[in-house]
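Notes for the one structure printed next.
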Amino acid sequence: MALLQITEPGQSAAPHQHRLAVGIDLGTTHSLVASVRSGIAVALPDEAGRTLLPSVVHYQADGVVDVGWDARSNAAKDPHNTIVSVKRFMGRGIEDIADAASMPYQFVEAVGAESQGMVKLKTVMGELSPVEVSAEILKVLRLRAEESLGGELSGAVITVPAYFDDAQRQATKDAARLAGISVLRLLNEPTAAAIAYGLDNASEGIYCVYDLGGGTFDFSILRLTRGVFEVLATSGDSALGGDDFDRAIFDWLTSTLKLSHITDEDTRLLLTESRLAKERLTDDAVTEISCTLADNSTVNAILSRETFIDLTKPLLSKTFSPVRRALRDADLQMEDVQGVVLVGGATRMPHLRIAVGEFFYREPLTNLDPDKVVALGAAIQANALAGNHGGDELLLLDVIPLSLGIETMGGLSEKIIPRNVTIPAARAQDFTTFKDGQTAMSFHVVQGERELVAECRSLAKFELRRIPAMVAGAARIRVTFQVDADGLLSVSAREQTTGHEAQITVKPSYGLTDTEITQMLSAGIANAAHDKNMRALREAQVEARQLVNATEIAMAESGHELLSKPEWDAVWVKIYELAELLLLGDANSIQDLREATSALNEETTTFANRRMDLSIHKALSGKQIESINI
């Protein structure tokens with residue numbers, strides 16, 4: 001007898017209905033979106049066939065926002081308004097950004113109760129938080145997914161570095177909310193990679209995931225057993241990534257060539273050239289760096305792979321400290337590990353692969369695209385959470401990356417939930433009063449591994465009042481920590497004799513307040529019509545540009561052969577009219593573009609028919625009728 005599946009109303013897809021759920025890798029350097037199609041996870045391309053979207057946002061004075069490839073081309077020309085590697089600023093204040101002074105941005109530390117110390121970036125469109133910048137990237141990915149899948153998304157699994165703390169995770173959720181995305185779950189990037197790798201290769205046993213992206217390093221250890229993915233330990237560094245390897249080349253350039261007093265534009269240009277040099281050294285033993293600075297002076301340098309290895313040896317060594325820590329936490333030896341999976345674009349560096357192989361005494365696994373594997377794993381998890389067919393084959397047991405605790409007397413951190421505990425999780429601990437007659441207690445929630453509160457990250461503060469007046473040490477207050485599947489925290493405190501309780505869903509420092517989120521969403525709704533019109537205009541521009549290019553190529557190939565002089569001239573008149581409209585950019589109207597596009601289409605109908613006839617004639621020329629397969 002068949003078993004019936006019973007679920008909560010609205011929580012499962014109807015028979016034969018496939019919910020549109022995606023996985024999103026919101027990366028430091030590149031981002032991408034993937035979905036499960038016909039049982040296979042695939043990355044979704046843009047209209048040009050590119051799956052990767054540069055995580056770059058360019059703000060213009062007229063209110064236009066470019067994201068991705070177009071934005072990246074402005075990085076050197078307009079560095080103050082072109083935000084690169086924004087992921088490094090998520091959930092952070094200025095004091096958390098070690099190299100803020102050397103970056104070509106105008107950072108602003110917001111003040112006031114509502115701002116919670118969140119860093120912002122000053123642009124021509126005002127002061128913007130990293131959350132708002134990230135939301136622009138997520139919007140593009142959402143629209144790409146909806147166009148590719150042909151419908152509105154029911155939700156997304158968004159990946160985050162395993163070592164992102166509560167503030168960074170909350171900031172990521174806020175960005176998704178601003179982008180109009182329902183977050184099914186935040187998933188640790190190494191775990192997502194393990195899902196894609198494990199299901200693709202039917203692997204079982206203990207695997208390590210070494211994930212070096214553009215701005216973060218994560219290391220996770222997982223046990224894979226017949227569709228069960230159990231995270232045993234995770235570690236990493238949220239301020240170490242491929243960007244730092246670029247910076248090492250940049251520092252070498254400025255030191256070797258004695259470059260001083262360079263402009264912000266020069267800094268961005270040299271960082272871009274450094275990144276390109278790093279990428280070339282993946283295949284080449286030597287590369288040349290050549291560019292012209294703002295003062296028209298020329299930079300010329302030869303960088304060998306050996307020099308690059310020496311420059312970045314300290315950075316590479318820095319990645320192995322979290323590796324050793326995670327192995328200790330999981331109580332594992334090298335011989336217990338079946339394989340090491342490399343994830344992240346920075347793992348393409350040959351000397352990194354050699355170093356990882358030497359550390360683990362085995363060749364790392366690189367058969368999946370390191371740029372796509374995280375998004376593919378997230379798509380598989382999204383498909384499962386959406387209740388689609390095949391999703392029930394996957395069980396994921398993730399862990400909390402950093403210990404959560406509370407401040408006690410003397411500025412000490414008392415850990416309530418230690419790191420690497422499987423989530424969701426709940427832990428409680430009893431506390432008492434410090435003074436006689438104490439009727440209130442203040443709670444300070446912190447995250448981190450240090451013993452002193454000053455060396456941990458502050459997450460939230462709240463108070464419990466109406467505690468019965470007793471002698472010191474007599475009251476019993478139970479503090480309960482609960483961490484959900486996204487790794488986000490809520491805390492409650494309850495006085496045991498009276499039942500008085502206080503609780504807080506932790507809205508960490510450096511996140512956006514609900515008021516700010518509401519204001520941003522309201523602004524998005526108010527500008528919905530404008531945004532819709534701008535999108536329609538951009539689509540019309542793309543269609544017109546493609547038609548102009550295709551017609552020009554066709555005219556060059558066979559225009560003189562198939563058209564009379566008046567016909568030739570008439571087609572070129574329509575081409576020029578449409579091209580002139582395109583030169584106006586966003587200043588022209590959608591209607592004008594559509595009319596000019598339609599006019600060119602009509603004018604070239606006869607030409608297109610003649611080209612088709614010519615092609616058929618050439619294909620059949622010299623052949624017998626009986627030799628043609630119909």
Side-chain angles (χ1 to χ4, degrees), residues 27-29 88 98-99 160-165 188-194 197 205-223 231-249 251-252 278 281-282 305-366 368 370 373-374 399-403 418-420 448-450:
T28 305
T29 308
R88 284 197 151 192
D99 51 352
V160 294
Y163 228 54
F164 255 23
D165 62 26
N188 288 342
E189 289 168 1
T191 309
Y197 187 86
I206 293 175
Y207 283 80
C208 299
V209 181
Y210 181 105
D211 182 358
L212 186 64
T216 58
F217 171 67
D218 286 318
F219 181 78
S220 291
I221 304 172
L222 300 94
R223 180 183 287 115
V231 181
L232 302 179
T234 188
S235 188
D237 189 334
S238 61
L240 173 64
D243 288 353
D244 297 288
F245 289 75
D246 302 344
R247 174 66 65 170
I249 298 176
D251 291 340
W252 172 79
K278 176 190 70 177
L281 288 174
T282 298
R305 187 182 290 173
E306 287 74 17
T307 301
F308 179 52
I309 291 172
D310 289 339
L311 292 173
T312 57
K313 193 172 293 183
L315 294 172
L316 194 52
S317 298
K318 196 176 177 181
T319 67
F320 291 114
S321 295
V323 171
R324 295 186 184 92
R325 184 164 61 245
L327 288 168
R328 285 197 304 269
D329 289 345
D331 195 22
L332 293 172
Q333 304 299 320
M334 290 294 183
E335 54 269 23
D336 298 323
V337 177
Q338 270 71 53
V340 182
V341 180
L342 295 187
V343 179
T347 60
R348 285 191 169 90
M349 293 184 290
H351 68 293
L352 181 146
R353 295 189 172 190
I354 293 170
V356 172
E358 291 175 347
F359 185 89
F360 284 97
Y361 305 109
R362 59 175 49 78
E363 195 78 16
L365 302 169
T366 58
L368 292 182
V373 65
V374 168
V399 298
I400 186 168
L402 294 164
S403 299
R419 73 176 187 271
N420 290 325
E449 306 308 316
R450 306 295 291 273

Heavy-atom donor-acceptor pair, Gln338 side chain to Ile206 backbone, under 3.5 Å: yes
Check: Tyr210/Thr319 side-chain N/O donor and acceptor closer than 3.5 Å: yes
Minimum heavy-atom distance between Ala194 and Val209, given as atom pair plus value: CB-CG2, 4.1 Å
Minimum-distance pair of heavy atoms, taken over all atoms of Cys208 and Ile221: SG-CG1, 4.0 Å
Within-4.5 Å side-chain heavy-atom neighbours: Val341 and Pro364: no
Check: Asp310 side chain, Thr307 main-chain N or O, donor-acceptor pair, under 3.5 Å: no
Point-to-point distance, once rounded to the nearest 0.5 Å, from CZ of Arg325 to CG of Leu327: 11.0 Å
Closest heavy-atom pair and its distance - Pro161, Thr216: CG-OG1, 3.5 Å
Closest non-hydrogen atom pair between Leu316 and Phe245, with its separation: N-CZ, 4.2 Å
Side chains of residues 352-362: which donor-acceptor partners sit under 3.5 Å, not counting sequence neighbours?
unit_1 : atom_1 : unit_2 : atom_2 : d
Arg353 : NE     : Thr347 : O      : 2.8
Arg362 : NH1    : Val337 : O      : 3.4
Arg362 : NH1    : Phe360 : O      : 3.1
Arg362 : NH2    : Val337 : O      : 2.9

Backbone N/O of Pro418 and side chain of Ser403: donor-acceptor pair under 3.5 Å: no
Worked verdict on Ile309 versus Arg305 for side chain to side chain contact (heavy atoms under 4.5 Å, CB included): CA-CA 6 Å; Ile309 291 172; Arg305 187 182 290 173; 4.1 Å; yes
From Glu189 atom CD to Asp211 atom CG, the distance as rounded to the nearest 0.5 Å: 5.5 Å
Contact list for residues 327-348, test salt bridge (Lys or Arg N to Asp or Glu O under 4.0 Å), sequence neighbours left out: Asp329-Arg419, Arg348-Asp369, Arg348-Asp371
Gap separating the NE2 atom of His351 from the CZ atom of Phe308, nearest 0.5 angstrom: 5.0 Å
Aromatic centroids of Phe219 and Phe320 separated by under 6.0 Å: no
Pairwise distance CE(Met349) to CG(Leu281) - rounded to 0.5 angstrom: 10.5 Å
Shortest non-hydrogen separation from Ala162 to Thr234 and the atoms involved: CB-OG1, 3.0 Å
Full working for side chain to side chain contact (heavy atoms under 4.5 Å, CB included) between Tyr207 and Val340: CA-CA 6 Å; Tyr207 283 80; Val340 182; over 6 Å; no
Check: Gly236 main-chain N/O paired with Asp218 side-chain donor or acceptor under 3.5 Å: no
Least distance between heavy atoms, Ala193 atom then Val343 atom: CB-CG2, 3.4 Å
